[in-house]
Amino acid sequence: MTNTSAEAFAPATMANLGVGFDVLGLAFHEPGDVVRAELTDEPGVTIADIEGDGGQLTRDPEKNTAGIAAASTLKRLGVNQGVRLTIRKNLPLASGLGSSSASAVAAAVAVNALFGDTLSMKELLDPSLDGEAAVSGRHADNVAPCLFGGITLVTGVDANEIKMLPIPPSLHLALITPNVAVQTAVARAVLPQSIPLKTMVLQTAYMARLIDAIYRGDLSEMARAMEGDQVIEPARAHLMPLLYEMRQIAKSNGAFGLVISGAGPTLCAICNDEKIAQRVAQAMQAGYDAAGIESATRCTGISTSGAHVLRVN
Ligand code: HSE
């Protein structure tokens, strides 16, 4: 069945979870991007409009993450018609919240819904990754949680290599995004290409501790393990304003710990209560205010459903 238009939502995500560089990710309830796909007789993809990006994103469908994901989905569907996309960006760009993944995933889900949901969510991983790859490399630690929701262990880019982890019930997250852009490519360029064996052992141990803590729903241990990252955070810390000060503020206001969200600069504090998360967010923002740095805060939880269709006509 072919429809005339379909709209899909795809949530913000946090890659890495501190110690799990490129292999762990989670989906937030909100915010998220919305993509509307309309059927056209002309084959191929066009971008009618992008709202909320301040004119920063390319409207060229062959370069835009949503445009590429839409074209890849059409190809996989094997249809001759085309689509016109309208993209509503609710996620800040270059902020560590999986903005490019959200647009790619929302486009793939919307295009699939236009053609009667022929492909499964698992089959949409590849087209979504095609979109993501155009801007930040072919890794699925944002795309997988964005598509499937929850906390994901990404052991490869094949859908069968994505493992769903349990969601600790009382997990609440306080996010703060300072008003500085950190391009993923830049944040990846500062990383070491090799690490000492001792560091590898410690990093592996913290990663194992994190998975164990997630399975036991032990938020305190989870945060400790997330903060155990020996490799990525030290290399990127200089890109995140007041990282260590924010960690101290978050903890002294009741958070269990704080890590960089994805490639940053958003920071994510791990809390076990909504009120505590709000207090932590306010305190962190006051810290940035005092330093003359504008910031935006969000308190949210984990999305269990991930990307989904909002409406079909
Ligand atoms: N794992 C990636 C990174 C996420 O930290 O570079 C950002 O795309």
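In each ligand, atom 1 is the first atom listed, and ligand 1 is the first ligand listed. Computed from a predicted structure; not experimentally measured.
- When heavy-atom distances to ligand 1 are checked against a 4.0 Å cut-off, N142 comes that close only through its side chain, counted from C-beta outward.
- Listed by number with element, the atoms of ligand 1 under 4.0 angstrom from any heavy atom of D141 are 1 (N), 2 (C), 4 (C).
- Side-chain contact, T266 with T177: a donor N or O sits under 3.5 Å from an acceptor N or O.
- Separating the CZ atom in R236 from the CG atom in D229 is a distance of 9.0 Å, to the nearest 0.5 Å.
- Listed by number with element, the atoms of ligand 1 under 4.0 angstrom from any heavy atom of A15 are 4 (C).
- Neither side chain, N112 nor T73, offers a donor N or O lying under 3.5 Å from an acceptor on the other.
- Remark: distances from the non-hydrogen atoms of R236 to ligand 1 include one below 4.0 Å.
- Among all protein heavy atoms, the one lying closest to atom 3 (C) of ligand 1 is R188 NH1, 3.2 Å.
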I'd like to know whether T86 forms a side chain to side chain donor-acceptor pair (under 3.5 Å) with D49, so could you lay out the CA-CA distance, the side-chain angles of the two residues, the decisive distance to 0.1 Å, and finally the verdict.
CA-CA 5 Å; T86 304; D49 196 15; over 6 Å; no

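- Between the side chains of T155 and K163, no donor-acceptor pair is found at a separation under 3.5 Å.
- Nearest protein heavy-atom contact of atom 8 (O) of ligand 1 is H139 CE1, 3.0 Å.
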